[in-house]
Amino acid sequence: MATSKDKQVPRIHHFELVEGMKLQIDVSGSSNGRDVRVEFQLKNCTRIWILHWGILYRGNVNWFVPAEHPKQGSLQTPFTKRGETYVVIVELRDPKIHAIEFVLKDGSHDRWLKLNQGNFRIEIPETDTKTCHPPIPKDLIDRKAYLIWESKGKPQSSPQQQQQDYNDALRELQSQLSNGISLKELQSSHITTSTTSVPNNREKLQYGVPSFHCRRHDVQKWLQKRSKAQSKCTTLPSSTLVDLVENFVGGDNVISRQSYLIGNHEIVVLTKLISSNYHILVAVNMKGATVLHWGVSELLSGEWLAPPSDMLPENSKMVAGACQTYFTDVSNGKGSFQVVDINLQKRSFMGIQFLIWWGGSWIKNNGANFIVVLNTMNPNGKVNGDETGIVKWLLDEIFRREKDAERSLMHRFNIATELTERCKGEGELGLIGIMVWLRFMACRHLTWNKNYNVKPREISEAQDKFTNLLQKIFLSQPNDREIVRLMMTFVGRGGQGDVGQRIRDEILVLQRNHDCKTGMMEEWHQKLHNNTSPDDVIICEALLNYVKCGFKIDAYWHTLNTNGLTKQKLASYDRPIVSEPHFRTDAKEGLTCDLAMYLKTLKAVHSGADLESAIETCLSSSLRGHNSVTLDYVSGLSLKLQECLKFIKAHTHDENIGPLMEKLLESRIELHPILFTAHGRAKDLLFLDLALASAIRTTMERGLKDLNFAHPPEIMFFITLVLENLCLSMVNNEDLIYCTKDWYRVCESYKTSDGQWALQAKAILDRLQLVLAERSQDYQKRIQPSVQYLGNLLGVEKHAIDCFTEELVRGGLAAVLSKLINRFEPILRKVANLGCWQVISPVEVCGFIASVNELITFQNKVYRKPTVIIASRVTGEEEIPYGVVAVLTSDMPDVLSHVSIRARNDKVCFATCFDQNILRNLKLREGKAISIQLESTNLIISDISSSGLSLNSFIPSSINRGVTFKRKTFRGKYVVSVEDFTAEMVGAKSCNIKFLRGSVPSWIKIPMSVAIPFGAFETVKSEAANKDIANKISHSYKLVQSGDLSRLQAIKEAVLQMSAPSSLTYELKSKMRSSGMPWPGDEGEQRWNLAWRAIKKVWASKWNERAYISCRKANINHNDLCMAVLIQEIICADYAFVIHTKNPLSGDVSEIYTEIVKGLGETLVGAYPGRAMSFITKKNNLKSPIVTGYPSKPIGLYSKPSIIFRSDSNGEDLENYAGAGLYDSVVMDEEERIVLDYSGDRMIVDKAFQISLLSRIAEAGKIIESLYGSPQDIEGVVKDGVIYVVQARPQI
């Protein structure tokens, strides 16, 4: 049997040589078998070459000549022609031979071809695997045959053709076994992610899409959460040493903080402004003699200069090119450390570099110098930082250096490297600043070359240095990977040595071979020699298309113009191109070949994310000496990945995109685990991944027009592919991962014309649209401030600035996914019988159209004529503005959200529109009068004459007349138990809890409660300790009453400063303990402080802006509003629900309408995006709930055992006024936000559990309605299958 070592010895070797030559070496036999045969084959060869070779014995580096008695030396064997190839055959009989080494000699020119300036080496297998490989399983042969058929484009195959594919697969697998690949490796490289075997009836596969059950991947492995660690070292988490140093120097005017952990040593660096002088303090926690070896930087962060002698700290001495300063011991009652204080005075140094000598050795920063970059302060004394979402000092520095950067791409990339190093302490915002600058450059908004000649090799090396730095950041800073990916799409790969030089050398060869040394080619040659750029890739592509099209000049200009190169642009180069190309017509074949080869050379430098270039780079490690030689062997790339990449190269332009899309995805999946491994090829792999992701986007866009959206399996397949690819590209992809898992579930349960299936699919796609919209908004928030600031500094056109982030988003996979969803959603709505509208408040109205972005920003506006608002964003917590008769939105607030209830109560039409075209057309009719009428579950919108609306008689329906309530007074108790709840002491919420506790059956649980009654707040405020706070509240409230609503926040902040009377604390502790509730103070003073703060937040919510506006609109005296606080032990819910025992959408009293969410109910009643699960239950058939919508909420709130403090005012549940939801309920401990995974949730996937749970919730609602004798609005939770009701009120 072959040893594991033998299995690693390949038997077929491929080398790409110069001038298109290829060398293939086949090794058969084994040294132990004394029958080794090595055949060398040279292809595309035009002259005689000589094999200069020798053999190696194990453990010996010298060459020997094979013979009966071997001796040191070498042999030269000429290649002989055999057909189209040149061949040398070597046979070896000595079992001790370990390898052959060789170089190639050009017989007609005195030159040698080497491998990386060394010898080629071919190891000899010890055993022959041909005679000992195991039988190949049939399923593996079937899978290989399927891949062969797939590689042909999945043609309709006859049984004979299928048998031929099977035979070919068997032969190929046997050959791979013979070449040392193990059966296990073959199986792992051909296995699918599903255990389902390959279908035998290939004709059943439609649209180039395989059976969907093969499409599930373990996406959980791709999860990437954003680290919660601080992204800037200027905001370091506190450590003992940091605290000690700051206590020593004072915390004011600290510009930056850096901290390093090197083994057991901690090093802290503070930059600080003291009396207008800049100080850099280096502190360490070491004991004994410690020396700082340092120098200053003036212009570059990597610069090391000896400091001026007049600024040396005490205990310093100058050495060659540096200063050495002994650390000074510092000790106080809290600890001790050593410090060096370097006073840079007012000198304009960029910073310092240093090493530390301690204990007989140097302490370095991961083998490099420690670098401290000084962020200067502006004239106002503030640090130039990211206070407005930018790193101002960096963007200012980019602007200052742009004059130098525009000289050449070499200058630009060198500056980019330097600034990226300098801003590494600025976290993501620093990288964003560099990325914005690079994209301005890539989009030609900045000058690439101006009055400076530079060699291609120098540009290539500058790019290589910069992309190596980006590789390092990508591997070491996971949070920043998404930005680094963006940065790398705007730069070429670059390279050292002859990578760039080949641009100069090969254009000369091309000119000489095709006699084109004048005109356009000579002009281009001069440009290439003096300042090559990414434009040269486009020029070469244009020339190639020109030649391929039979020398039609229109093809040349079309290629240039399509890629943004005009005659004016070509003429603007320092070395202008003003002529048109002209070649001999008989040179077409040779030109096509040579230009194609030269295009590869250009792309190798300038086009890092070009698909063909990236694949070739990763399929071949370029190891070059004097001449170019490419080794076709890649360490770390699986056989499956290599096969996928070869398939992609061969099928990039296939019309049938299904197989290509699959291979693109499979390649990225294979690539994913090795992308994040620190090795020298990470940059090449990252460029490959970027190219694959880009190819998926362009391929999908190309194939969109041919998709059959009436055939759901086909669309589901492509949505899955794009979604999976998006998961692989994103940092913080948890939401996308869970959507993908849920999408798998839905796709696998697909049934034609199944309404419930369509509802589930639509809910997942709704959630995906929310995720994509949130990502887009996040990009705008993070990136656009830097775009605006830097773009204005650099004089970039306003349109380019305004569209910058939008174009970034549109150029990614998210935009393609959104297109697929938008095209598929109408199909799902039709299957689910949803129509274009969900009518939340069914009212027929007439009004004038007004478009707004966010409803909440207009909630305080007064409209003087009946208005129909078209709102892009509705959170669910808004007030409906005065004068509005309808709100139409594309957003999806819950049916039981505050704004939905307010709309129904105020007789305002409120509806969600699922058809963007309808809303787009309505927005175009801004200011026009329309009528809205109801037709079943849809709205009918018609134009009407504005004269048909009587403005003079218009009285908004939102005005309520005669809504009054009585101001409550304090009854002498700070806390009352549930038994003592009365309407004079507490609100309806508390009174209903008291009623339910004695009325509902035992299976419905009511949590234990106590309450802080009406008047307690006013009494606490009047305490002497809170006198100043009371005055602040009074003063601010007068300003509010005069119209300054911004002072409401000042009132809320003042309330939070109040102190608690000891009597209140005592009473609350006593009542909670006697009621069996946990007293927070038992866990320490801090827990009581949290509880007290929560109580004050409830009181402060009386001055919520929305609540104040609502009272004013209803003509309610806000002074009469009193706030009690209902205190309950929180139920750590699995689910939370809200029941309306009369269907609020239809008004049907025979139906119970319920919404339910995972976790706590705040996501249901608060402004949390997405829809809850909803269902309707007939009161005469509680056992058959009908699900009307599945959940799309991305976030669930969860809490540890805690206390909730609920608002319970006297301004809620009044006739003609819905005050519920205006005030805050506060959990003592902050809830944990969890990204929800519905793919395995029993409420969704377990039908029996779903029916049982929903039926019992509906039954609880029916029971409580019967107790009150009227429709009820009920809130509750489910924990371990037990139903808890936490409050009930009359349904309005």
Side-chain angles (χ1 to χ4, degrees), residues 847-848 850-867 869 871 873-885 887 898-899 902-903 905-906 908 951-952 954-967 1017-1018 1021-1022 1026-1058 1096-1123 1167 1207 1209-1212 1214 1216-1224:
F848 296 90
S851 298
V852 303
N853 184 30
E854 295 183 334
L855 180 61
I856 197 167
T857 60
F858 289 83
Q859 66 178 356
N860 197 27
K861 182 172 179 177
V862 174
Y863 290 89
R864 297 299 178 183
K865 56 185 180 181
T867 301
I869 281 186
R873 180 87 172 103
V874 177
T875 67
E877 287 206 320
E878 300 90 344
E879 281 296 305
I880 295 175
Y882 178 97
V884 169
V885 296
V887 177
H898 172 82
V899 71
R902 180 73 70 232
N905 187 51
D906 292 346
V908 172
L951 303 184
N952 293 332
F954 170 62
I955 300 176
S957 59
S958 57
I959 289 292
N960 295 286
R961 307 292 182 188
V963 179
T964 60
F965 52 84
K966 181 181 177 183
R967 182 180 177 86
F1017 165 72
E1018 290 76 9
K1021 185 180 66 172
S1022 66
N1026 296 320
K1027 180 179 178 181
D1028 291 342
I1029 294 171
N1031 291 335
K1032 287 181 183 179
I1033 293 172
S1034 177
H1035 174 70
S1036 294
Y1037 189 59
K1038 289 177 182 178
L1039 296 175
V1040 169
Q1041 289 177 309
S1042 65
D1044 185 4
L1045 297 189
S1046 67
R1047 301 301 298 177
L1048 287 168
Q1049 184 61 33
I1051 296 175
K1052 295 172 68 173
E1053 290 171 359
V1055 170
L1056 295 182
Q1057 297 172 12
M1058 293 197 309
K1096 291 185 289 185
K1097 283 185 175 181
V1098 175
W1099 284 338
S1101 69
K1102 172 181 174 178
W1103 288 275
N1104 284 350
E1105 183 177 355
R1106 184 163 54 89
Y1108 183 83
I1109 293 170
S1110 181
C1111 287
R1112 189 174 65 183
K1113 284 172 58 180
N1115 290 330
I1116 291 174
N1117 185 351
H1118 188 261
N1119 270 327
D1120 291 339
L1121 187 80
C1122 294
M1123 186 70 69
S1207 58
S1209 75
N1210 62 338
E1212 302 177 46
L1214 305 175
N1216 297 321
Y1217 177 68
L1222 294 173
Y1223 311 104
D1224 297 343

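This chain uses plain numbering: 1 for the first residue, then up along the sequence. What you see is a predicted model; the values in this text were computed from it and never measured.
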**Student:** Should Arg902 and Glu879 count as an ion pair when the cut-off is N to O under 4.0 Å?
**Tutor:** yes
**Student:** To the nearest 0.5 Å, tell me how far Cys1111 SG sits from Leu1222 CG.
**Tutor:** 7.0 Å
**Student:** Determine whether Lys1027 and Ser1022 make a side-chain contact, defined as any pair of heavy atoms from C-beta on separated by less than 4.5 Å.
**Tutor:** no
**Student:** Grab the two heavy atoms, one from Val908 and one from Val884, that are nearest each other, plus how far apart they are.
**Tutor:** CG2-O, 3.6 Å
**Student:** Is there a side-chain contact between Pro881 and Thr867 in this structure, where contact means two heavy atoms from C-beta onward sitting under 4.5 Å apart?
**Tutor:** no
**Student:** With no hydrogens and no angle check, just 3.5 Å: does a side-chain donor-acceptor pair link His898 and Arg1106?
**Tutor:** yes
**Student:** Answer yes or no: is there a donor N or O on one side and an acceptor on the other, between the side chain of Glu877 and the main chain of Thr875, under 3.5 Å?
**Tutor:** no
**Student:** What heavy-atom pair brings Tyr1037 and Asn1119 nearest, and what distance separates the two atoms?
**Tutor:** CE2-OD1, 3.3 Å
**Student:** Give a yes or no answer on whether the side chain of Ser1042 reaches the backbone of Val1040 with a donor-acceptor pair at less than 3.5 Å.
**Tutor:** no
**Student:** Working to the nearest 0.5 Å, report the span between CZ of Arg1047 and CD of Glu1053.
**Tutor:** 9.0 Å
**Student:** Restricting to side chain to side chain donor-acceptor pair (under 3.5 Å), what partner residues turn up for Asn860, sequence neighbours left out?
**Tutor:** Arg1112
**Student:** How many angstroms lie between NZ in Lys1102 and CZ in Phe1017, if you round to the nearest 0.5 Å?
**Tutor:** 6.5 Å
**Student:** What's the shortest heavy-atom distance between Asn1210 and Arg967, and which atoms?
**Tutor:** ND2-CA, 4.3 Å
**Student:** Which residues pass the side chain to side chain donor-acceptor pair (under 3.5 Å) test with Asp1044, sequence neighbours left out?
**Tutor:** Ser1046
**Student:** Enter the distance from Trp1103:CH2 to Leu1048:CG here, rounded to the nearest 0.5 Å.
**Tutor:** 9.5 Å
**Student:** Find the distance between OG (Ser1101) and OH (Tyr1223) and round it off to the nearest 0.5 Å.
**Tutor:** 8.0 Å
**Student:** Do the side chains of Phe858 and Tyr863 get nearer than 4.5 Å, heavy atoms only?
**Tutor:** yes
**Student:** Sequence neighbours excluded, which residues qualify as salt bridge (charged side-chain N to carboxylate O under 4.0 Å, His left out) partners of Arg873?
**Tutor:** Asp891
**Student:** Considering all heavy atoms of both residues, which atom of Lys1021 and which atom of Ile1033 are nearest to each other, and what is their separation?
**Tutor:** CD-CD1, 4.0 Å
**Student:** Please report the shortest heavy-atom distance between Ile1029 and Gln1057, naming the atom on each side.
**Tutor:** CD1-O, 3.2 Å
**Student:** Using the side chain to side chain donor-acceptor pair (under 3.5 Å) criterion, which residues pair with Asn1104? Sequence neighbours excluded.
**Tutor:** Lys1052, Asp1224
**Student:** Output all residues satisfying ring-ring contact (aromatic ring centres under 6.0 Å, His included) with Tyr1108, sequence neighbours left out; order by chain, then residue number.
**Tutor:** His1118
**Student:** May I ask you to decide if Glu854's main-chain N or O and Thr857's side chain share a donor-acceptor pair within less than 3.5 Å?
**Tutor:** yes
**Student:** Checking Lys1032 now: which residues fulfil side chain to side chain donor-acceptor pair (under 3.5 Å) with it, not counting sequence neighbours?
**Tutor:** none
**Student:** What's the verdict on side chain to side chain contact (heavy atoms under 4.5 Å, CB included) for Gln859 and Ile880, showing C-alpha distance, side-chain angles and the deciding distance?
**Tutor:** CA-CA 6 Å; Gln859 66 178 356; Ile880 295 175; over 6 Å; no
**Student:** About how many Å separate CG of Asn1031 and OG of Ser1036, when rounded to the nearest 0.5 Å?
**Tutor:** 10.5 Å
